Each structure stands twice: as C-alpha cells, then as structure tokens.
Amino acid sequence: MAKRVKFKLNGKEIEADEGRLVIDAAKDAGVEIPHYCYHPALGNPGNCRMCIVEVAGAPKPAVSCRTAVREGMDVKSDSELAKRAQASALELHLVNHPLDCPVCDQSGECGLQNYYMEIGQYQSAVREDKQHKDKRITAGPHVMLDQERCILCTRCTRFVDEVTKTHELGIFRRGHSERIELTPGKVLDNDYSGNVVDICPVGALTDRDFRYKVRVWYLDHADSICPGCSRGCSISVHTNTKRPWHNDGKRVARLKPRHNPDVNGYWMCDEGRYGFASLDANRLGRVLRLTPQKQDVTWETAASEIAAKLGSGGVAFVASGMLSNEDWAAAKKLFSGAKFYFTAEPDQVGGEDKILRKKEKVPNLKGAENLGLTSGSFDELAKDLEAGKVRALYIVERDLAKIWGAERAKLLMSKSALVVFQGPNKLAISEHAHYRLPATAYVEEDGRFTNFEGKVQEYKKALEPIGEAKPDWEIFGLLSKPPSAAKRRESVA
Amino acid sequence: MTKILTKHFDEPKLHELETYKRLGGYEGLKKALTMAPADVTAEVVKSNLRGLGGAGFPVGGKWGTVPPLDKVPGPRYVVVNADESEPGCFKDRVLLTRAPHQMIEGLLIAAHAIGAKETFIFVRGEYQDQYDIIEKAIAEAEDAGYTKHAKIMLMRGAGAYISGLDTALLETMEGKKAWPRQPPPFPTVVGLMGKPTVVNNVETLSMLPFILREGGDAFAKIGSPKNGGTVVFSISGHVANPGIYEVPMGTKLRDVLALAGGVRAGHTLKCVIPGGTSMPPLLEKDLDLALDFDAIRAAGTFLGAGGMIVLDETADAVAVAHNIERFLAHESCGQCTPCREGAFWNEEILERLLDGQGTPEDLPNITRIGENITGKVICALGDTVGVVARNYLSKFPDDFKKRIPS
C-alpha cells in the first residue's frame with residue numbers, strides 16, 4: 001500500500017497516497033480542477049493546460065495532472081495565478097472554437113460550455129476570423145466528427161490507440177491546422193466506437209443514434225446494468241419522459257457507461273450501447289387468455305387459472321439469463337419440480353473479446369447457477385415435447401422461433417396442454433400460447449444481476465411499467481399457492 | 001582571438017579524414033579511450049562546457065544524470081542534434097560541412113563517456129549536402145577503426161522546426177509526430193526507445209576533441225566563469241559581413257558586431273537578436289554586455305544557439321514580430337493549446353496591425369496573450385510564442401502605436 005502523506009490544497013490540509021496525481025487527490029477531496037485532456041484511463045498528456053495549479057516553491061505553474069503529491073507540498077488551485085492560468089487556457093481553447101452551442105448537440109454536457117459559464121469570461125477578445133475545418137464527417141456507423149469543435153485533447157486518438165488498438169483516428173497536420181481525422185483507409189467501426197463520444201469533452205464527436213433527438217437537460221438518469229452480455233457493465237439509462245414528443249417518441253434516449261473499476265472501467269461496447277433499440281417495440285401491456293379466443297383477464301384470474309393447470313410433473317420452464325436474481329429465486333420456488341431450460345446456447349451467444357464483450361449475450365446466467373439451477377438443452381426439450389412428456393410449457397422472454405424456427409416452434413408448442421408466455425415484448429411465438437402475461441423490461445424494475453465473475457450488481461428502475469406489466473418475480477408470486485405477497489425479495493443476492 | 005572549432009577552416013580539405021588527422025584529429029578520442037568513462041565526464045565537468053544547442057545546460061552535468069550501467073543495465077544512446085532550424089542559425093551547417101570529423105570524434109568521446117554502443121546523428125532534412133558529407137565522414141571513421149566501441153547511425157528529419165527540440169527529436173526518431181515530451185523524466189533517464197539518452201548539439205560535441213586533447217582546465221580558461229571555451233555566432237541581417245564568427249565565451253556584444261563589420265554603412269543599430277529569432281532582442285544600450293549564457297540571461301534574453309540577427313533603423317518592430325510569430329504559428333506542433341491557438345492569434349493580430357486595421361485594444365491584448373502563454377506550455381517553442389510579440393511591443397512601443405489608425 002502506498003504511503004499516506006499530508007499536503008495542503010487551497011490552504012486546507014488533506015491526506016492522499018504519496019505519488020497520486022494532484023488532480024486526482026483534489027477530486028478525492030471534493031475539489032474539481034478543470035481539465036480536458038486528462039482521463040484516468042487514458043493517461044495525462046498534459047496538452048490542454050487547463051489544470052494548472054500553483055505549487056509553492058516551484059519555478060512556474062504546474063499542470064496538476066502531471067504533478068505527484070508529496071509530503072508537505074502546498075498546492076493552490078484557486079489562487080489568482082492559478083485561476084488566471086485556467087481562465088486563459090480556456091480563452092485560448094475558444095480562439096478557434098465555433099461557439100455554436102445553440103445548435104450543438106453537446107450543449108448541456110460540454111466541458112467548454114461548463115467552464116465558460118463557471119469562469120465567467122463572457123466577452124470575447126478575439127476579433128479575428130476563425131479557422132475553418134470540416135464539419136459533419138461520418139466517422140463510422142455510430143459517430144459523427146466535427147473538426148471545428150475539436151479542442152485536440154487527443155482523448156479519442158488515445159482510446160483507439162491504447163484501448164481498442166485499432167487506430168482509426170489520428171491527429172493530422174500541424175499547429176493550428178491540426179485536426180482529428182480518420183486514418184486513411186479506415187472507418188471508426190470498432191466494437192467500442194461509441195466510447196469516443198463519451199470521452200470527447202466537447203461536441204466534436206457525437207452519437208449518430210442520439211444527436212438532435214432530445215436536449216440532454218430533459219433527460220432523466222438511472223443507474224443500471226447492461227443486459228447485453230454476461231459482463232454486466234455498469235451503465236446509466238438516460239430516459240426521455242419530460243418531452244415525450246422528442247426522441248422520436250422513444251422513452252430510452254441512450255445508454256452510457258458508468259464507471260465501475262471492478263467490472264467495466266469507463267467503457268461499454270457498441271453492441272450493449274445500442275442494444276436498446278427494440279426495447280419498446282411491440283410491448284405487451286395486457287393480461288390475456290388467448291384460447292379459445294383472445295380475452296382480457298385480470299391478473300388474479302390468469303394467476304389462479306394458470307396455477308390450477310400447472311400442477312406438478314411434466315412442467316418445462318423456459319427462460320434466459322435476462323432474469324434477475326429475484327426472478328430466479330421466485331422461479332426456483334414456484335417451479336420446484338419442473339425442468340429448467342435457460343442455457344444461452346444456441347440463440348443467445350455471440351462474439352467476445354479481451355476488452356469487455358462476453359460470449360453469452362445475457363446478463364444473469366450466473367444468478368441461476370448460484371441457486372443451484374441447471375439447464376437442459378433445447379434439443380432435449382424438443383424431444384420431450386415431441387414425445388408428449390411436457391404437459392405445461394412456461395416461457396419467459398425467450399424466442400423459441402430463434403432456436404427451432406418459427407414453424408417447428410409452433411408445432412412443438414402445440415404438443416403441450418398448457419403454454420404460458422410471459423415477457424415484455426410480443427413475439428411470433430407469444431401468440432401461440434394459451435396465456436400471455438406482460439412483464440416489465442429491465443429498465444422498469446429494480447433488481448440484481450450476477451455477472452460471469454460472480455459480481456452482484458443492482459439496477460434501478462428508470463421507467464414506469466407499460467400497462468399492467470409486472471416484474472417476473474411478482475408474477476411468479478401471484479402463481480404460487482397461496483399467492484405470496486407482492487413484495488420484492490430484498491434478501492436475495 | 002582564440003578559436004577552437006574554426007581554427008583550421010583555412011584548410012580546404014578539412015572535411016577529409018587525412019587532413020583532419022594531420023591537424024591532430026582523433027587524438028582526443030585516442031586519449032579518451034585510455035581513460036575510464038567517469039574520468040572523461042569529470043574532464044568535461046571541469047571544462048565548463050555548456051550545451052550550445054540553445055539551452056546552455058552544463059554538458060558534464062547532463063552526462064552525470066545518465067544512470068550508471070550497474071544500476072540501469074541495457075543500452076543507452078548518444079544522439080547528435082544536427083536538426084539546426086532556428087531562424088538565424090547556420091553555424092552547425094558550416095561546422096558539418098567543413099569539419100564533420102570534429103563532430104564525429106566528439107560523438108565517439110561522448111559515447112565512451114556514457115557507455116553507449118550505439119549513437120545517432122539526426123540531420124535536418126533540408127541539409128542534403130551535409131548529410132552526404134557526414135555519411136562519407138562516418139565511412140572514413142569506420143574504415144579507420146574509430147567506431148569499434150560505438151556504432152554511428154545517420155537519420156534525417158522531415159522538416160519540422162520543433163524536431164530540433166531534444167524530446168521532439170526523440171519522438172521523430174521513433175517514427176512519431178514531433179510532439180515534445182514533458183520532462184520529467186529527462187531523456188538522460190528515459191530517452192530514445194525508453195533508454196537513457198544523451199542528446200547533444202553538433203557544436204557542443206565538436207568541442208570535445210579539444211577538451212580531451214588539451215584538458216578541461218585549458219578549455220575553461222578560454223571562456224568566462226562557468227562558460228567554458230568559445231561560441232560560434234551565426235551573424236546575419238544588417239551587418240557589413242554576415243557569416244559565422246567564433247569568439248570566446250564572454251566576448252562583448254560590441255566586439256562581436258565589430259567582427260562582422262558592424263551595422264551596414266550609413267545606418268544605425270536598432271536591435272540585435274542574440275540567439276535566433278526566438279530570443280528577445282538586445283538594444284544599443286546592451287552593447288557592452290559580455291555574451292555568455294549567464295550574463296545574457298541576466299539581461300532578459302538568451303544566448304540560444306548563437307543565431308545573431310542585427311537589425312538597423314529601417315526594420316519595423318511590428319513587421320519583425322509578425323515575421324517571427326508567423327513562423328512560430330506555422331511551426332507550432334499543435335500539441336498544447338496555448339501555443340497552438342496563441343501563436344495563431346498573435347500572428348493574426350500582428351497581421352491586422354500591418355494591414356492598418358489595428359485597434360487600441362490590440363496592444364494590451366498582445367501583452368496579455370503573451371503573458372498567458374509563457375510558462376504555461378509544454379516546451380520552449382510555446383514559451384517563445386508568448387515572449388516575442390509582447391517583447392517587441394515593450395521595447396518599440398512607437399512602432400506599434402503608429403500602426404493603429406487614429
């Protein structure tokens with residue numbers, strides 16, 4: 001463990017690990033020193049010169065992102081000298097910046113804008129014509145580049161050089177003609193390209209999926225977990241409900257990675273980031289009995305009818321790693337005698353890499369495993385259905401058509417006396433069930449996922465459920481005899 | 001006056017090994033190789049040799065910061081900075097053209113002193129003739145068996161001014177953009193390819209044969225206190241006889257100018273840029289200043305690389321400042337914001353002044369912008385960007401004021 005030392009920051013004595021960067025130690029102590037180029041995961045090139053502080057005894061002002069904490073040092077980030085240095089660095093950043101905040105999508109979460117407001121040097125002294133560079137460059141499938149807004153902090157080039165090692169972006173030319181450009185022959189299409197938008201402190205790199213859809217100050221945020229794979233990256237769900245007519249009417253505006261040193265660091269992959277597109281497509285909101293004809297029923301009616309028909313023996317429970325730990329616990333209790341089928345094979349597996357992406361494209365297989373649940377294969381289930389061994393088939397949010405093909409899935413489902421489909425979205429197979437129950441999507445409930453390494457994380461409700469939808473664990477509770485109180489099982493880890 | 005580097009410049013074939021050897025060449029190396037490396041460094045420390053590439057850092061002191069082999073094993077390098085690109089400096093070009101072996105001998109001495117088995121000469125891209133001359137000289141030295149202890153490799157720059165700065169030079173050598181590094185760590189600890197590296201200028205290394213041959217004390221005696229030996233000035237501008245002039249450290253500015261024939265006939269001195277365009281100018285009142293690193297620094301400017309530009313009363317300070325700031329804006333590497341944007345801004349303001357479009361706010365702005373840049377950037381080029389315009393403004397306010405329409 002590093003030695004703890006005491007040093008003075010703005011006249012106040014604070015303690016930090018020896019050698020920790022002053023900018024970080026200050027942040028720990030609640031003092032935010034302005035900066036653009038420094039990023040904890042991308043190093044400290046010290047090129048923006050914003051984080052200048054005064055260190056007693058030093059010959060000249062120092063950048064706090066390259067100054068290590070020493071015992072007894074006296075640092076001032078709020079002295080006249082330091083404040084002037086920060087203000088002048090900002091002024092120089094703005095010399096060639098277009099200052100097009102009113103039409104810039106970064107507005108509201110822009111490092112330039114924020115410090116400009118904070119530092120308060122509102123009257124520009126620049127009388128010169130600004131340099132013109134290229135705007136609206138399609139950098140890749142997810143990212144747009146505006147060279148004029150860029151402040152050349154090099155975070156994005158360091159990201160593609162050091163994290164993805166794909167080198168799509170580079171700094172070309174020299175001096176004030178310098179600009180970020182695509183490396184000749186390359187397109188910014190790596191699996192993590194969206195992160196450059198997050199780390200860009202200004203509006204130079206924006207998200208094609210998000211830009212101009214909704215102003216960021218209308219968004220609400222909720223801590224969540226990406227359900228895209230078994231890594232379970234910490235994310236923040238940004239929702240648009242204050243201005244429902246914005247964002248093309250969609251409730252989820254974007255997903256952003258949330259810093260978690262134990263799981264995903266600062267990043268998330270594009271697959272996860274843009275995986276919410278169909279979240280609100282064909283949502284189920286009504287409790288329905290589909291046979292003999294489609295009919296709305298109450299939760300109580302559906303629950304008691306299904307519970308009566310479920311019985312024990314010959315029950316197959318089909319689910320996926322989309323279930324939360326709470327859901328798995330309730331399912332384990334309700335379907336104690338049933339056979340479980342939730343393996344990710346064959347339809348929920350995909351590409352993986354050494355950065356974040358995992359092969360299993362669902363977040364919580366480990367939660368089931370930890371409860372001692374094991375999954376049969378879908379080939380076995382098909383055989384059992386063929387042989388008439390399955391009397392009741394309970395499907396939670398799993399598209400059997402993707403496993404067996406639409407026709408075969410329909411045929412196999414017809415072999416079971418009772419078929420219940422429960423889930424947030426309508427599927428072709430959900431229409432062949434006998435009961436169709438609306439469940440909440442992960443953004444509409446609180447819960448926990450256990451990732452592939454066994455790390456348990458909590459996700460928070462970001463949106464209200466649609467229609468009569470309920471969390472899966474609550475539905476399982478209604479089906480149990482006697483119906484268990486609709487109370488979240490906080491104790492389940 | 002005592003000359004060291006240009007002493008034999010009358011010899012037409014000094015660039016050839018035979019001539020160089022006849023005049024005592026490679027005796028210094030021979031002597032160095034009989035000495036322990038630490039003793040060679042000690043001799044250089046004694047000589048008070050300063051880095052003549054511009055920074056004026058004591059050379060022996062610099063070598064002394066290279067971690068010893070038993071502490072940090074593995075390769076270490078010597079790199080010759082032959083990327084002379086400061087406007088007004090052309091002494092390295094002449095030294096390389098006329099006396100390449102002098103530099104090569106110095107390089108081989110330095111390699112022995114710090115234990116480098118590989119050395120590099122980084123030549124400015126535009127110096128095609130010099131490149132050919134050095135290449136030939138290296139081949140001669142190799143054939144003569146002088147390079148047994150250290151290999152010499154030749155590299156060329158691609159034309160960026162900033163590559164003349166040691167850390168940017170190392171980046172260039174590694175195949176990267178010429179963006180200066182931010183010490184610490186200094187190159188002597190973490191340099192080329194992360195290995196301890198001594199970067200020395202052509203002129204600096206060329207001094208070493210004399211120091212080894214004649215001894216550090218003899219060298220120190222030639223110059224002024226703490227500034228050993230001689231310095232070669234490249235003198236250009238409004239003088240009668242532009243050219244390179246070697247003088248002992250501490251020679252008065254007046255005497256140096258006299259060597260070049262003084263200000264051209266019929267004109268009076270306006271100012272002297274002492275070390276290359278980046279340095280603030282000296283005025284008539286400074287003529288008795290003794291030119292060495294410390295005295296000139298005390299006068300508020302720098303000896304730099306000895307690129308002395310003399311300007312007479314026909315020079316307009318706004319035009320001069322604009323010329324220099326335009327160069328700096330063009331050559332700013334663009335890495336850090338104050339220099340990248342500030343150089344551009346400065347150039348534009350000065351251009352507006354030249355165009356007769358100045359405003360009264362421009363003058364305080366020039367001062368303010370300059371102050372906001374100097375000392376808050378990564379490298380010396382950036383510091384210069386902040387110094388030049390405001391310095392000419394403070395020294396020649398009338399030139400600036402008359403550019404503002406009333």
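Every chain is numbered from 1 and lettered A, B, ... according to where its sequence line falls, protein lines coming before strand lines. Since this is a predicted model, take the numbers as computed values, not measurements.
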> What option among B:Glu351, B:Lys177, B:Glu348 has the most heavy-atom pairs under 4.5 Å with chain A?
B:Lys177

> For A:Leu152, which atoms come within 4.5 Å of any heavy atom of chain B: side chain, backbone, both, or neither?
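A:Leu152 touches chain B through backbone and side-chain heavy atoms alike.
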
> Side chain, backbone, both or neither: which part of B:Arg368 has an atom under 4.5 Å from a heavy atom of chain A?
both

> Counting only non-hydrogen atoms closer than 4.5 Å, does A:Val126 touch chain B with its backbone (N, CA, C, O), its side chain (CB onward), both, or neither?
both

> Which heavy atom of B:Phe344 sits nearest a heavy atom of A:Asp129, and at what distance?
CZ-O, 3.7 Å

> Please classify the contact between B:Leu328 and chain A as side chain, backbone, both or neither, with a heavy-atom cut-off of under 4.5 Å.
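No part of it gets close to chain A.
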
> Which atoms of A:Ser177 are under 4.5 Å from chain B, going by heavy atoms: the side chain, the backbone, both sets, or neither?
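Neither part; nothing is under 4.5 Å.
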
> Heavy atoms only: give me the nearest A:Glu91-B:Asn372 pair and the separation to one decimal.
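Closest pair (atom of A:Glu91, atom of B:Asn372, distance): OE1-ND2, 4.0 Å.
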
> Between A:Ile171 and chain B, which part of the residue has a heavy atom less than 4.5 Å away: side chain, backbone, both or neither?
both

> Name the option with the most non-hydrogen atom pairs under 4.5 Å to chain A; the candidates are B:Glu331, B:Glu371, B:Gln357.
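Highest number of heavy-atom pairs under 4.5 Å: B:Glu331.
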
> Name the region of A:Arg173, side chain, backbone, both or neither, that has any atom closer than 4.5 Å to a heavy atom of chain B.
backbone

> Considering non-hydrogen atoms only, spot the tightest contact between B:Val377 and A:Arg49 and give its length.
O-NH2, 3.2 Å

> Do A:Leu92 and B:Ile373 make a side-chain contact, defined as non-hydrogen atoms from C-beta onward lying under 4.5 Å apart?
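Heavy-atom side-chain distance check passes, below 4.5 Å.
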
> Between B:Arg352 and chain A, which part of the residue has a heavy atom less than 4.5 Å away: side chain, backbone, both or neither?
side chain

> Pick one of side chain, backbone, both or neither for B:Ala160, based on which atoms fall under 4.5 Å of a heavy atom in chain A.
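Both backbone and side chain of B:Ala160 come within 4.5 Å of chain A.
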
